[in-house]
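The next block holds one structure in the form of C-alpha cells; read it before the comments.
Every chain is numbered from 1 and lettered A, B, ... according to where its sequence line falls, protein lines coming before strand lines.
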Amino acid sequence: MSWLTVKKAFSSPIDTPVTLKGWVRTNRESKADGGLCFLAISDGTCFDPIQCVIKGGGASAVSNYAEVLKLTTGCCVEVDGVLVQSQGKGQSVEVLVDAAHASAPGQVRIIGLVENPDTYPVANKRHTFEYLREQAHLRVRTNTFGAVARVRHTLSMAIHRFFHERDFFYVHTPIITASDCEGAGQMFRVSTLDMENPPRGEGTGHRALGTGEGPVAAGAAVSSTSAQSPVPSASSKSTPSPIDYAEDFFGKQAHLTVSGQLNGETYACALSRIYTFGPTFRAENSNTSRHLAEFWMIEPEVAFNDLKANALLAEDFIKYLINACLTERTDDMKFFEERIEKGLIDRLKAVLEKPFRHLPYTEAISILENALAGGHKFEYPVKWGIDLQSEHERYLTEQHFKQPVVLMNYPKQIKAFYMRMNPPGTDNAPGDTVAAMDVLVPAVGEIIGGSQREERLDVLDARIAEMKLPAKEYWWYRDLRRYGTVPHAGFGLGFERAMMFLTGMQNVRDVIPFPRTPKSAEF
RNA sequence: UCCCUGAUAGCUCAAUGGUAGAGCGACCGGCUGUUAACCGGUAGGUUCCAGGUUCGAGUCCUGGUCGGGGAGCCA
C-alpha cells in the first residue's frame, strides 16, 4: 500500500489500497455492523479531512480497536485501508479499514497521542481568533488557519508566476541595510555592540543622533524621515560621549530594511523589469488590525514605465492574484465564503469585471467636498493638500465608487522625495503634484502604494535639498540619474493586506503564521 | 503613542459589596453509517498582577501587565 496525501486520495480511483498519515480531526463511534469507528483525518494537503471507517467487529476488527476508540482530536495516526464509495452522507469517498480485507488489510498505527484531551488547545469546537493567536503553533490545525496557510502559499506562487511570465527578474534585495535613506519610517537596529556597555568616542561611523528626529512637518514625515534609532539615544542626561558605531559589525549603523525599493531601482535600471518579494520591518508602535512589525512586501520596478503604465500593471497584478485563488483553491475559498465573509467570492469576481477607477487626488478632494456639502460627516477636514484619512479613503472606495480606486498625482508635500514632479497645472491642481499612486480597495484600504520615480537629476537634487535630506547618503541613487537615466516606476504591495483582501480575514495577525507586533513576538 | 473597552472553569461568557454559575469542550454511560449529532451523568476555579478601602472584594479605589476595537503612521 502506498502512502498518499489526503488530497491525492480524494482524486484516486475506488478500490485503491492506501496508506494515509495525518492528524485526527474527529472520532465518532457507532455500534452498527458489530462496531464502527469514524475517524476523520487531515494532513493539511486540502481543506477536507478524509473519513476512515474502521471495523471493530469479528474478523474485520483491527487489532487495536479498543485504542482506536480512544483517539481524540489532534492524535497522529497512520491508516492502511482501501478507498470505497461512502455509504453515508456528507462525503463521496472514504477509506475502509477492514483487517479481513483480501487485498488491503486494514490497520491503524497510533503515532502520537494527545496527552490530555481536556487541555488540548484546539479541541474540536469553535475558538475565537484572539485565543488561537496565543496558540499559533497549533492553530494551523484548524479549518481557518489551514485554509489561510494554503491560500498564502498559492498567492506566493502566483506572484512569482505573474512576474516570471512577464519577463521580470526576481531580485533579492538586502534585509540588512546600512543606508540611511530608505525613508519609510522607524527602523530596527542591527548591531553586535554590547548594548549595556557600548564603545564610546568620536568614531568615523558615528552619525549625529537626533538629526531630523522631529520631522519638519507631520505630513513630511512619511517621505522624508531618514533612519531613526528606535533605541532612545542616551543624549538626555549624563551622556559620556556618543556611541562609536565604527566599532560595530558594519563599521557604521545598520538596520533592518523598511523597503527594497531603492535597491530595486538599481536593478531595474539594468534589467528593465524586476521585482522583490521579501520580509520588511517597521519599528513603529502601530496597534491596528492592518499593521505588523514584520511583514512581506512585493515591489516591482519597471524601466520606461510611467505612472499610467504602473497603475495598469498594479491592476493586472491584483486581478491575476484573484484568479489564482479562485481557480487554484476553490475548497478554501468556498470555506472563506461560507464562514468568514458572506459574498466574498462575488466581491472578488466583481473586481475582475471592470477596470479600476483612476482618480486624480485633486478630483478626489472635490468628491469629498461634495459629499460634505451633501451632508456626509467626516471627522477630519477635507482640503487640497492634506493627506487623505482612512475615513476619506473608505468613503471613496466603499461608498462612492464601490470598487477599487487608483488615486493619483498627490500634492508633493505629502509624498516622498523620489516621486516624479508633475508638470505645473496637472489635473488643474492648485499646487505642485507628484506622480504618486495608491490603490485603495474596499474593506482593506490602501493595498498598494507606488509612483513614477524622479529620473531628472536636477529635479531630484532640488527635492533632496528642499526636504533637507542628507544628499551624500544618496550618492549611488543619484548615480542612476547620472549614468544613462531612464524614466521608471514601481509600487509596493503589502502581502498580508492582499491576503486580507482575498480571504476576508479581518486581522492581519491571522494571515501570517507568526505575527510580530509591538509587545508580541512569541513563538 | 492617543481614545474606548475588556481580563472569572480547557474555551465563550454570567454573577446588587455577602456560599462562584451556564453553554460548549473533556471524561463516563445510552442511542445512532456517524459527520455542528442527540439523551443522561461526572469532574473541572489562587476570579490577570501588586497594593488599598471594608466586618467582608470577582465586584469599589490606585498603579501595572496583557488582549480587543478605533485613530495616527503605513503596506
Side-chain angles (χ1 to χ4, degrees), chain A residues 25-40 48-55 70 72-74 84-91 94 96 114 116-135 143 183-186 215 218-219 221-223 225 258-261 279-299 339 379-380 387-391 393-394 414-416 438-441 444-450 491-501 506-509 517-520 522:
Chain A
R25 276 299 181 78
T26 59
N27 183 5
R28 288 176 291 271
E29 183 197 349
S30 169
K31 293 292 192 297
D33 293 352
L36 287 179
C37 176
F38 299 93
L39 265 194
D48 286 314
I50 196 163
Q51 173 162 283
C52 300
V53 182
I54 295 153
K55 292 283 198 175
K70 290 191 188 334
T72 57
T73 302
V84 297
Q85 212 92 50
S86 179
Q87 296 175 33
K89 293 168 198 143
Q91 62 282 316
E94 63 192 17
L96 174 64
V114 166
N116 181 0
D118 192 33
T119 58
Y120 181 57
V122 289
N124 195 35
K125 61 159 293 196
R126 222 187 124 68
H127 288 293
T128 60
F129 291 150
E130 290 82 1
Y131 167 72
L132 289 171
R133 267 169 227 153
E134 296 168 1
Q135 311 293 339
N143 283 336
Q186 301 273 302
V222 181
S223 47
T225 304
V258 292
S259 164
Q261 181 201 317
T280 306
F281 308 88
R282 306 265 167 102
E284 262 135 31
N285 193 10
S286 295
N287 294 287
T288 80
S289 57
R290 306 183 311 285
H291 289 85
L292 292 165
E294 175 184 284
F295 64 99
W296 290 66
M297 188 155 65
I298 298 97
E299 294 177 290
R339 294 299 175 90
E379 192 182 337
Y380 289 87
D387 211 353
L388 295 182
Q389 304 291 319
S390 288
E391 58 172 347
E393 297 180 344
R394 236 182 290 120
I414 59 172
K415 287 294 179 182
D438 282 354
V439 178
L440 311 177
V441 295
V444 176
E446 183 180 343
I447 197 170
I448 278 178
F491 60 82
L493 170 79
F495 184 64
E496 284 74 22
R497 290 196 182 168
M499 280 290 297
M500 294 168 75
F501 174 67
Q506 295 199 330
N507 194 308
V508 74
R509 299 174 187 107
T517 54
K519 299 284 184 291
S520 174
E522 192 62 68

Fill in the blank from the handout: Under a 4.0 Å heavy-atom criterion, the protein footprint on nucleotides 3-14 of chain B, written with B, S and -, is -------BBS--
Specify the separation, in whole Å, of atom [atom1] of [X] and atom [atom2] of [N].
X: Asn27(A); N: U32(B); atom1: CG; atom2: P; value: 18 Å
X: Met499(A); N: A75(B); atom1: CE; atom2: P; value: 20 Å
X: Arg394(A); N: G69(B); atom1: CZ; atom2: P; value: 14 Å
X: Leu388(A); N: A75(B); atom1: CG; atom2: P; value: 14 Å
X: Ile54(A); N: U34(B); atom1: CD1; atom2: P; value: 17 Å
X: Arg25(A); N: A36(B); atom1: CZ; atom2: P; value: 14 Å
X: Arg282(A); N: G72(B); atom1: CZ; atom2: C1'; value: 15 Å
X: Asn124(A); N: U34(B); atom1: CG; atom2: P; value: 18 Å

Exercise for the section: Would you state whether a donor and an acceptor, one from the side chain of Glu284(A) and one from the base of U1(B), lie under 3.5 Å apart? Expected result: no
Exercise for the section: Give a yes or no on whether a donor-acceptor pair under 3.5 Å exists between the nucleobase atoms of U34(B), that is its base, and the side chain of Gln87(A). Expected result: no
Practice task
Using the six-membered ring for Trp and the full ring for Phe, Tyr or His, decide whether Phe38(A) stacks on the six-membered base ring of G33(B) (centres under 5.5 Å, planes under 30°).
Solution key: no
Which whole number of Å gives the distance between the [atom1] atom of [N] and that of [M]?
N: G45(B); M: U5(B); atom1: P; value: 33 Å
N: U59(B); M: G17(B); atom1: C1'; value: 7 Å
N: G6(B); M: A14(B); atom1: C1'; value: 15 Å
N: U8(B); M: G67(B); atom1: C1'; value: 15 Å
N: G30(B); M: A15(B); atom1: P; value: 39 Å
N: U46(B); M: A9(B); atom1: P; value: 9 Å
N: G44(B); M: G23(B); atom1: C1'; value: 15 Å
N: A57(B); M: U1(B); atom1: P; value: 34 Å

Using a cut-off of 4.0 Å on non-hydrogen atoms, how would the nucleic acid contact of [X] be classed: base, sugar-phosphate, or nothing?
X: Phe281(A); result: nothing
X: Val508(A); result: nothing
X: Thr73(A); result: nothing
X: Gly90(A); result: base
X: Gln91(A); result: base
X: Thr280(A); result: nothing

Tell me whether [X] contacts the main-chain N or O of [Y] through its side chain, where contact means a donor paired with an acceptor under 3.5 Å.
X: Glu496(A); Y: Trp296(A); value: yes
X: Arg282(A); Y: Val258(A); value: yes
X: Glu391(A); Y: Tyr380(A); value: yes

Please tell me if [X] has a side-chain N or O lying less than 4.0 Å from either OP1 or OP2 of [N].
X: Arg290(A); N: C73(B); result: no
X: Gln51(A); N: U34(B); result: no
X: Ser30(A); N: U32(B); result: no
X: Asn507(A); N: G69(B); result: yes
X: Arg509(A); N: G69(B); result: yes
X: Ser390(A); N: G72(B); result: yes

Problem - Position toward the 5' end of RNA chain B (nearest nucleotide), Pro518(A) or Glu29(A) - result: Glu29(A)
Fill in the blank from the handout: Walking RNA chain B from its 5' end, the first of Glu94(A) and Asn116(A) to be reached, judged by nearest nucleotide, is Asn116(A)
Exercise for the section: Measure the shortest side-chain to side-chain distance between Leu36(A) and Val53(A) over non-hydrogen atoms and say whether it is less than 4.5 angstrom. Expected result: yes
Problem - Any side-chain heavy-atom pair of Asn143(A) and Arg339(A) under 4.5 Å - result: no
Problem - Residues that Phe295(A) engages under ring pair (Phe, Tyr, Trp, His ring centres under 6.0 Å), provided they are two or more places apart - result: none
Completion exercise
For His291(A), the ring pair (Phe, Tyr, Trp, His ring centres under 6.0 Å) test, sequence neighbours excluded, returns none
Problem - Gap separating the CZ atom of Arg394(A) from the CD atom of Gln389(A), nearest 0.5 angstrom - result: 10.5 Å
Handout entry: Residues which pass side-chain contact (heavy atoms from CB on, under 4.5 Å) with Ser520(A), listed by chain and number, not counting sequence neighbours
Key = Thr517(A)
Practice task
Using only heavy-atom distances, determine whether the side chains of Gln506(A) and Ser289(A) contain a donor-acceptor pair under 3.5 Å.
Solution key: no
Fill in the blank from the handout: Output field dot_bracket for RNA chain B (Watson-Crick or G-U, both distances under 3.5 Å, | for other-strand pairs) contains (((((((..((((....[..)))).(((((.......))))).....(((((..]....))))))))))))....
Practice task
Using salt bridge (Lys or Arg N to Asp or Glu O under 4.0 Å) as the criterion, list what pairs up with Lys70(A), not counting sequence neighbours.
Solution key: none
